[in-house]
Structures are given as C-alpha cells and as structure tokens.
Amino acid sequence: MAGLNPKQEEACSYTEGPLLILAGAGSGKTRVITHRIAYLIDERSVNPYNILAITFTNKAAGEMRERVDAIVGFGAESIWVSTFHSMCVRILRRFYERLGGKNNFTIYDADDQKAAVKEVLRLLSLDEKQYPVRAMIAAISKAKESFLSPSQYEEQNAGSFREQNVAAIYREYQKRLRSNNALDFDDLICRTIDLFLQHPDVLELYQERFRYIMVDEYQDTNHAQFVLVKMLAAKYRNLCVVGDDDQSIYKFRGANIYNILNFEEEYPDAKVVKLEQNYRSTANILNAANGVIANNEGRKDKSLWTENPEGEKVVFTRYEDDRGEAAGVAKRIFKLLQAGGRLSDMAVLYRTNAQSRILEEQMIRENIPYQLVGGTNFYARKEIRDMVGYLKVISNPADDISLVRIINVPRRGIGDTTVNRMRDIAAERGTSLYDVLLDADQLPGLSRAAGKVKDFVELMERFRRTAEDGTISVLYQEILDQTGYRKELEQERTDEARSRLENLQELLNKISDYEMHAEQPSLVELLEEISLVADTDAEEDGSDRLTMMTLHSAKGLEFPYVFMVGMEERLFPSGLSLDSDDPDATEEERRLCYVGITRAMKQLYLSAAGRRMVNGNLTFPAVSRFIEEIPENLLQKEGKQEDADAIFGSQDRNRYYDEWQGTTFRRKTGSGYGVRRESRPKPTMQRGLPEKAAVDYTVGDTVKHIKFGRGVVKEMIRGGNDYEVTVLFDGAGEKRMFASLAKLRKV
DNA sequence: GAACCCATCATTTTT
DNA sequence: TGATGGGTTC
C-alpha cells in the first residue's frame, strides 16, 4: 500500500467486522476508501461482486466509481458503487411486486411532492397558511424516517388538533402516491426496509451479496438509512463507515449526527481509526479551523494536524457595506491573478444564495468570469419539467400529478373546470384520471371540452405507441412537435423563449446520450436517472472561471484560494439558528464554518460588511462570533473593525447585538442597481487534487491501463506528490486518474 | 384565459 | 429586494 500513512494503512487493512473511520477534512478519505476496496480484492481475495460502496450524491458515486475502476481494473464493474437511493430503486424495481406494487413506479421529486400536498390540502379544505406545504412535506418526511404510518403518527400526536390534521394530510398524500404508482425519496428507503422486513429471503439475498459494505459521509445518514445499512450488514458485520462529525451540516434535512457519534455503542466491537493528518491546508488555515470547531461540545475527540508549512495568515477584512465587500473581493482576485493565480483556483463561499446576486453583479462589472454551483437545477426548469411530465405520463399513466401538470400545456382548452370534473369522476369510480380521459365522450357535462379531451388522449395514445416501438429521442421530438410546445416557444421570439428552447435541446442531448450509453435503454430507467440525478452533470468546459457557491455546496471540494464573505452575526451564524431553542443549531453553523475554512489550501480570506441589505432592509450587522474564535495570532485584520460605529459614531457593539432589530430601516423604493443578471453559466463539477507517486511516463507517452487498455497521456497535473493524469484511451475515451492509483505502464 | 396588481414572505439541499 | 401566489379585471 504505497504512499499511505500508518493510520490510512490501518484503515485499509482492517477488513473484518465493524470499522469506524473518522476522517478529518483533507485527510485523504477517498483515497482510503478506494485503496481499501483494492486491498479487499487483492489481499483478501474478496470477490468484487460482494462489495457495496454507498455514497450520498451521484457525483461522489461517479468519482468513486472512476477511481475504483482505475485502481482495481478487471472486475471493478461488479462492485456496487451507488447512492442510497439508486441502490433502493434497483432493489425495488426487482422486488416491488412482492409489496403489491407495480415495478414501473414513478419517482416523485420535491416538485411533485409539493403538487401532491397542494392537492391534498385542497381536498381536505385546509388552509395553506396554517399548513404550509413545505412544513407538511418536512413532517411527512420525518414521519417516514421514523417509520410512522399515518395512523401511528395520529396516535402519537393524539393531543393536538393541528397534528391530527397533519396526520390526515399525510394519510391522503400517501394514498395519492399509492394510487399514482409513485414513490417519493423517503419511500425509496422505507419501502426497501419494508421489503426486507416482510421478505426475509430477499434480505438474505442481499446480505449474502453485500458481504463488505462501506458507507461514505456517514454523518449525513438519517435514521432510515441507518436502519437499512444495519439490516444489510447484520449477517456478515463487515461494515465500514467513513465520516466526520465535525462536517455534519445537514441536520435540517434529516441527517442524524448520532449515527456516527454512537456507532461504537451500536457496534461495541467496532474498531475506530482516526485520520487526523491533513494534507490540504497550510498550518495557519488548519489551526484557524481547529480554533473555531473547538467551541463545539459533543464532538468526537480529534485534532487535525499537518506537516504543511505555516503559510500566510488568514486575512479578515471589514468592509463598509455589502457592495464594498464584493468590490473588495474582486480587487483581491485581481491581485491574485497578477501574482500568477488562476481563477479556477479560487472560490467565493457564502451562507445564503441571496448573497450571490451582489457578487455576481460585481464580477460582471469587473469582467471576471464566474460559475455558480448549485442553485436552480436543470430539471427544475419549467420547460424541462413539462417535457418530463409528458414522459412520466406515457411511462406511467396512473401518475395523476404529472398528467394534471401537462394536460393543458400548451393551452388546449382543457381548463380547471374540466379537469376538476374529471377528477371527481375518477374519485367516484376509483380509477386514475387517465382512465377517465379515455372515455371522455361518454361523460356527462363535458359537452364542449369533450372533443378537446378526446384529441388530447388520442395524442397521448399515439405517444404511447411510439414509446413502445420507437426510440426515446424520437418520442421526445414527437412530443415537442405534436403538442405544439416547440412552436409556441418559437413564436414568442424573446430571449427567455430562446433559452427555453436551448434547454429543450439540451434535454434531447441528454436523452440521446443516455440511449447511446445505456445497456438497455428504457423510458422507465431514463426517468429514474432524471429523478435521481438532480444536477446537470456539468460539462467541464475547462475555461478558467471563478467559482461561487454556498458553504453547503462547497463540502467535499477544495481550492487554493477561498473567500468566505458575510462573516456577520445573524447571517453566519444565521439568525434562525441563534433564535432556535435547539442549542445544536448554532453548533451546526459552526461546523459549516469549519467546513468552509477547511476548503482552503493556501490562503483564506474572510470578510464582513458593516452595512448590509437583507430582504430589502438595511442592517448593521456585528462581526461573526466565528471570527473571534479564530486565534488572534493567525489573523491579519484589515478595514474598520468596529461595528456599526462606522455609521453611528461610537456606540457599544453589544447594543447592536441586542437591538439589531431596532437598527433596521426600510429601504425606500426606486434606487436599485443597474446591472441585470446575465443568464447563469452552467454549474461545473470541481474535483479535488490527490497526493503522491513516482512515474516513468510523461505527456505524449503511450501507456497501458489494466482496464481501459492503450492510451496517450494528454496532461499531468502535479498535486502534492501525486499526479493527476489525463489519458486519451483508444477505446474508452478520455479519463482522468491519479498516478498513484491507476496502474499505468509505459508502453 | 390572460394581464395586472397587491400582499406576503423570506437559510442551508440532495436524493 | 425579489420571487411568488392569489385575486381582480377585462
């Protein structure tokens, strides 16, 4: 195991029984996981077929797959590298009938859920104000995660009138999903658990298959996922979980930090390995991070250290206002560029998406190319959702939610009244809406609309026939043309319509791409990928751009130069977390700060503004407590450090803490900034740099890879003592891999 | 059914 | 500030 430190090596070679790897930021976690897999196969003769590696995001799964392929070579493809959700889909597609479902089920995403809840609220005549859709979805999700059925939920909250209604919403929601033959994301996990509980033979099948299980980002697992893993690992108990409690930042979406904190109680015989050597950051940056996180209680005891040089001090700049901050960041970026830095080495991180606007405006003004990561994703766009809606109905006509979405898009004279009447009939008959449409001409009271409904069903039936014997891309084009969707946009002749058309073209590209690469393309599988793979897997256009994103999106990434803006009380840590009665809320913000700081490799710039526009209000925020938690000797402070003094003269800072609400002013209308946002550049994936290696080839050489065969080295980037090698293979196309992992031989 | 006006409301996000 | 959703009007 060349190039691993003793702890890493220990983690790789401990293969039997439960293992907890506490992997600090930048400690070479992914390397350990991939090496461990290789070790299992090479040294312990484990059949790759018996290995399961679970990650959280598709991106992580993709990267791991690539690295595993590169290091393992032949046989690697039989390792399951998967997200929780795609693993469950795969299992359910095979066995869902055992639970009485149909295996062509549709997966409902957040938007579909929202539509379903809204329908339920209307049905139950409940007020959206009192029962906000978001909160209802959260409540349902939470209930599912703790395996509470609607009735159990009702019982548990028997005392509360409101909760009784929530239970009713949950019940109706679930009923709807069932009759629509749809599962939401939580169902994917929970129904798989149901399947295992009700059919022990199926569970055993997978226990036998997955004799070695690894879970990455274990601190992000929720309760249901914990249970699922536990069931799978129950027989062989070869469960290795990797995570960092200090990087747990997703409590708000169900992550349960106790899964990792209590792992040793759950598995008393567990071995614990701590990876505490950081290879990423300078000592100053790392110590700043340590200083901040030390203020949290209830964490696993560990302290990151590094052999890296001390480096520059962490810079903290207080700007007069938010615009000044954006300008200051831009100015600093120019300085870095002059000194030979590259934009792709820099990132600006912020707490809330709302902060991006002012930064974007500044970057546009200064002609600094940038990319936003995250934000609205491709599949959330209206035109895409519409087209996907058509595909969903074609694939699963029972999907009422999607049917209602598209039945009058583009306008075809089937208005709300008609739809509601037909829904009533469907409810009466106990059939799906689509079944009602099928005999629209027999229906009473639809006189005028009946013809239009009939036209629509005929259209849909034609699509279904195409779906049966044509390709998906042909079907897609047919939908675009025969519904008049394309024509309508073409006639609009606005920038927006043009961009929508481009997106529709992009979707076609994705579909064709899928058809070319899938082993056995099917509409069901395509839709599954669309639902499960949220973000556009970025075309890496390779152009040199600044990256801007939220702190959350930055997890798992690294950049030589990092800017963390808006280091202000009530922005970061967020006001909501400070007002929360949950003491962990502020600790989670601190972990988020820790995550942000540890993204930086060479230089970290922190900043705050003395005046900031928040939700249309002018505020005078105090400097974030996190700044004060960084040891003074690591900080280089710039700008006016006093708080609202800049505006109010000499007032006590703490007064502004207390009275911040009193110091906000409503902004008068009319001002506004001149620059409008351009269409957003598409998000691009970033990947981290690894560590060591000695190589006997260089750019231009022909090399051989165990799996991909012959190829020519196109590029070698040094990262630490490793090389990131880009090879153009004769068969497999261009691949990037690490010299230390890929067993490349010069030919 | 579409265009407009007003009121309301604001973390973080992947699957 | 801005996005969004509901209600109103033509």
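In this text the structure is predicted, and so the values were computed from the model without any measurement. Below, chain A is the first sequence line, B the second, and so on; all start at residue 1.
Summary of the strand contacts: A:Phe185 and A:Glu588 both lie near DNA chain B, and taking for each the nucleotide with the nearest heavy atom, the more 5' one is attributed to A:Glu588. Annotation: of the two residues near DNA chain B, A:Ser574 and A:Gly415, the 5′-most nearest-nucleotide partner is A:Gly415.
Taking every side-chain heavy atom of A:Lys129 into account, B:dC9 is the closest of B:dT11, B:dT13, B:dC9. Comparing atom distances between the A:Lys114 side chain and each of B:dT15, C:dG5, B:dT11 picks out C:dG5 as nearest. If you check B:dT13, B:dT15, B:dT12 against the side chain of A:Thr352, the one that comes closest is B:dT12. Nearest nucleotide to the side chain of A:Thr57, out of B:dT13, B:dT11, B:dT15: B:dT15. Considering only the side chain of A:Arg357, C:dG2 comes nearest among C:dG2, B:dT15, B:dT11.
When heavy atoms are screened at a 4.0 angstrom cut-off, A:Phe84 is found touching no nucleic acid atom at all. Nucleic acid contact class of A:Gly575 (heavy atoms, under 4.0 Å, all strands): none. In this structure, A:Phe56 reaches the sugar-phosphate backbone alone: every heavy-atom distance under 4.0 Å involves primed, P, OP1 or OP2 atoms, never a base.
The CD atom of A:Gln225 sits 10 Å away from the C1' atom of B:dT14 (whole-angstrom rounding). In this structure, A:Asp111 atom CG and B:dT13 atom P are separated by 17 Å, rounded to whole Å. Rounding to whole angstrom units, CG of residue A:Asp220 and C1' of B:dT14 are separated by 9 Å. Rounded to whole Å, the distance from CD1 on A:Ile249 to P on B:dT12 is 13 Å. Between A:Gln113 atom CD and B:dT13 atom P there is a gap of 17 Å when expressed in whole angstrom units. Taking atom NZ of A:Lys382 as the reference point, atom P of C:dA3 lies 18 Å away to the nearest angstrom. Regarding A:Arg612, its CZ atom lies at a distance of 20 Å from the P atom of B:dA10, rounded to whole Å. Residue A:Gln355 contributes atom CD, which lies 10 Å from atom C1' of B:dT11 at whole-angstrom precision.
Residue A:Ser553 places at least one side-chain N or O closer than 4.0 Å to OP1 or OP2 of B:dT13. When the side-chain nitrogen and oxygen atoms of A:Arg411 are compared with OP1 and OP2 of B:dA2, one or more of them lie within a distance under 4.0 Å. The side chain of A:Asn353 places an N or O atom within less than 4.0 Å of a non-bridging phosphate oxygen (OP1 or OP2) of B:dT12. Listed pair A:Thr550 / B:dT13 meets the phosphate criterion, a side-chain N or O lying under 4.0 Å from OP1 or OP2. Note on A:Asn615: every side-chain N or O is 4.0 Å or more away from OP1 and OP2 of B:dC9.
Here A:Phe252 does not count as stacked on B:dT11, because the ring centres are not under 5.5 angstrom apart with planes under 30°.
Note: A:His85 and A:Phe56 fail the aromatic proximity criterion, with ring centroids not under 6.0 Å apart.
Qualifying salt bridge (charged side-chain N to carboxylate O under 4.0 Å, His left out) partners for A:Asp584, counting only residues two or more places apart in sequence or in other chains: A:Lys251, A:Arg591.
For the P atoms, the distance from B:dT13 to C:dT4 is 16 Å, rounded to whole Å.
A salt bridge is defined here as a Lys NZ or Arg NE, NH1 or NH2 lying under 4.0 Å from an Asp or Glu carboxylate O, and A:Glu589 with A:Arg351 meets this definition. With respect to A:Arg412 and A:Asp455, no salt bridge is recorded, no charged nitrogen being found less than 4.0 Å from a carboxylate O.
We find the CD-CZ distance between A:Glu528 and A:Phe105 to be 6.5 Å, quoted to the nearest 0.5 Å.
One N or O donor and one acceptor, one from the side chain of A:Arg134 and one from the base of B:dT13, sit under 3.5 Å apart.
In this structure, A:Phe210 and A:Trp80 have tilted ring planes: the angle between them lies in the 30° to 60° band.
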